[in-house]
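Here, residue 1 is the first one in the sequence, and each next residue gets the next number. All ligand and atom numbering here is 1-based and tracks the order in the structure. Only heavy atoms go into these numbers, but all of them, side chains included; no hydrogens, no water, no symmetry mates.
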Amino acid sequence: MSDPRKLFIKTYGCQMNVYDSERMAEVLGASGYVTTDRAEDADMILLNTCHIREKAAEKVYSELGRFKPLKAANPDLKIGVAGCVAQAEGEEIMRRQPLVDLVVGPQTYHRLPAMEQTLRDGGRAVDTDFPDEDKFDHLPKGRPRAKRGPTAFLTVQEGCDKFCSFCVVPYTRGAEVSRPVARLMAEAQDLVDRGVREITLLGQNVNAYHGAGAGGEWSLARLIEALAGIDGLERIRFTTSHPNDMREDLIAAFAEQPKLMPYLHLPVQSGSDRILKRMNRKHTAESYIDIIDRLRAARPDLLLSGDFIVGFPGESEADFEDTLALVRRVGYGQAYSFKYSARPGTPAAERKDMVPEDAAADRLARLQALLSDQQRAAQDAMVGRTVSVLFEKPGRLPGQMVGKSDYLHAVHVTDARATPGMIARVRITASAPNSLAGELA
Ligand code: 5AD
Ligand code: SF4
């Protein structure tokens with residue numbers, strides 16, 4: 001038999017893309033590809049792209065340019081663009097970049113084997129449909145039962161019907177779809193059988209999950225409860241959520257389900273009601289804070305994470321100060337903040353009342369200073385506490401292991417007893433800028 005063909009995948013953007021890249025590797029595995037982490041060795045290169053902000057999309061074109069010499073050296077090399085830029089700009093990519101042989105959107109990667117055949121027959125292939133069939137049903141069965149690391153992602157819900165006025169996701173990922181409970185239970189069991197101890201449930205609106213289960217539609221809380229019944233699965237997380245879908249049973253799960261980790265990413269975007277209305281968020285600063293209060297009543301040590309956009313069209317200095325006030329009121333342990341970026345096809349992109357670039361940059365710097373102070377304070381507050389750590393891999397120093405605490409902080413421990421996949425109580429002894437250090441308790 002000839003050598004297997006080699007596949008190089010580069011993943012941008014969110015965790016769902018990480019999951020999708022794994023699944024694309026499995027699909028192409030059935031067509032005889034093995035993955036490589038060197039683009040120079042590849043027979044096929046796939047860029048799994050992100051369209052959420054302008055910079056993310058521009059990176060794709062500059063990256064493609066860098067593959068030119070590889071294609072010159074190996075005319076049989078196939079280059080594909082997958083993910084959300086593919087979905088949004090597929091035809092344009094084909095026109096703009098003759099290097100590209102293949103464009104595949106996030107909902108059609110189960111069709112990759114047929115597309116790959118088209119390329120081998122000398123053609124180019126574009127598929128950015130939103131097919132009726134479920135791509136997850138068409139992925140190869142009897143996947144390679146390779147052992148896995150201790151943590152994994154599992155997509156339970158995809159797409160979004162919220163239509164925040166700045167956001168491309170409803171257009172690139174399509175309408176909200178929840179996968180059926182039985183499939184997810186089987187996939188989770190398979191992951192656990194392969195060594196996984198922590199699963200992060202993924203969805204653009206994961207807390208809107210309403211998949212078909214025994215007796216009707218199940219909520220995310222009910223799914224989490226069922227998953228918690230899997231022996232050997234020790235930790236469950238989910239991301240990312242919309243405040244309006246934060247239902248009572250899910251809030252209660254933080255109090256009642258010990259396998260659900262005390263960390264929640266709950267984006268608010270802005271602290272100004274005027275801006276939230278223009279963003280079409282359908283909640284207010286007050287209603288968000290009310291949810292946070294209820295979550296903290298259920299789980300006082302919950303570590304909160306969020307997303308923020310500054311410089312949304314029409315944002316005044318007073319609106320921005322409302323965002324700072326909300327951040328002070330909530331207190332985040334982790335956060336992501338962005339300058340508004342107009343995305344073609346979204347309602348906000350039509351607005352003319354742009355915030356000047358220097359004002360937006362200044363606000364971003366001020367917000368990030370506040371958020372990073374909070375982040376640092378939350379991390380420093382762990383010193384002296386004993387937390388549970390799931391060890392994942394060796395650290396950079398000899399004998400060192402790195403893992404994640406229940407609160408998702410990276411923790412370093414130097415101890416021969418610590419091994420990947422092990423969950424141990426660790427007493428935190430020091431806080432560095434991006435990680436904690438501790439010793440087995
Ligand atoms: N401009 C800036 N940030 C954006 N996000 C989404 N769309 C935009 C945009 N057009 C941010 C939001 C979202 C996160 C994933 O990306 O904060 O929660
Ligand atoms: Fe985008 Fe809003 Fe949907 Fe999140 S909830 S994916 S920000 S439209």
*asked:* What protein heavy atom lies closest to atom 4 (C) of ligand 1? Include the residue and the distance to one decimal.
replied: Ile309 CD1, 3.5 Å
*Have a look at Phe166, Phe163, Tyr171 and point out the one with the heavy atom closest to atom 7 (S) of ligand 2.*
Phe166
*asked:* Using a distance threshold of 2.8 Å, state whether an N, O or S atom of Cys160 lies below it from atom 3 (Fe) of ligand 2.
replied: yes
_Side chains of Gln368 and Ser337, donor plus acceptor under 3.5 Å_ = yes
*Side chain or backbone of Gln269 under 4.0 Å from ligand 1, or both, or neither, by non-hydrogen atoms?*
side chain
*Atoms of ligand 1 less than 4.0 Å from Tyr340 heavy atoms?*
1 (N), 2 (C)
*Among protein heavy atoms, which lies nearest atom 2 (C) of ligand 1, and at what distance?*
Lys339 O, 3.4 Å
*Within Cys164, is some N, O or S atom less than 2.8 Å away from atom 1 (Fe) of ligand 2?*
no
_For atom 5 (S) of ligand 2, what's the nearest protein heavy-atom neighbour? Residue, atom name and distance, please._
Asn205 ND2, 3.5 Å
*Interatomic spacing from OG1 in Thr36 to CG in Leu7 - rounded to 0.5 Å*: 9.0 Å
*Please check if any side-chain donor atom of Ser165 sits under 3.5 Å from a side-chain acceptor atom of Asn280, or the reverse.*
no
*Atom indices of ligand 2 within 4.0 angstrom of Pro170 heavy atoms, with elements*: 8 (S)
*Measure from NZ or CZ of Arg366 to the centre of the six-membered ring of Phe320 and say whether it is under 6.0 Å with the direction within 45° of the ring axis.*
no
*Test Glu315 against every option in Arg363, Arg278, Lys339 by the salt bridge (charged side-chain N to carboxylate O under 4.0 Å, His left out) rule and name the one that passes.*
Arg363
*asked:* Any atom of ligand 1 sitting under 4.0 Å from a heavy atom of Glu54?
replied: no
*Closest protein heavy atom to atom 6 (C) of ligand 1, given as residue, atom name and distance to 0.1 Å*: Ile52 CG1, 3.4 Å
*Does NZ or CZ of Arg53 lie under 6.0 Å from the centre of the six-membered ring of Phe338, at an angle within 45° of the ring axis?*
yes
*State, with a plain yes or no, whether a side-chain heavy atom of Leu184 is found less than 4.5 Å away from one of Leu154.*
yes
*Asp290 and Ser287: side-chain donor and acceptor closer than 3.5 Å?*
no
_Residue, atom name and distance, where the atom is the protein heavy atom closest to atom 16 (O) of ligand 1_ = Arg53 NH1, 2.8 Å
*Are Leu46 and Leu102 side-chain neighbours, meaning at least one heavy-atom pair lies under 4.5 Å?*
yes
*N/O separation below 3.5 Å, Phe166 to ligand 1*: yes
*Closest protein heavy atom to atom 10 (N) of ligand 1, given as residue, atom name and distance to 0.1 Å*: Ser341 O, 2.7 Å
*Measure the distance from atom 15 (C) of ligand 1 to every protein heavy atom, then report the residue, atom name and distance (to 0.1 Å) of the closest one.*
Asp307 OD2, 3.8 Å
*Would you say Phe238 and Leu202 make side-chain contact, with heavy atoms under 4.5 Å?*
no
_Close-contact set for ligand 2 against His242 heavy atoms, below 4.0 Å_ = 5 (S)
*Do Gln374 and Gln334 have side chains that get closer than 4.5 Å, going by heavy atoms?*
no
*For atom 4 (Fe) of ligand 2, which candidate among Lys162, Gln204, Arg173, Lys282 provides the closest heavy atom?*
Gln204
*Heavy-atom distance to atom 1 (Fe) of ligand 2: which of Pro267, Ser165, Cys167, Pro243 wins?*
Cys167
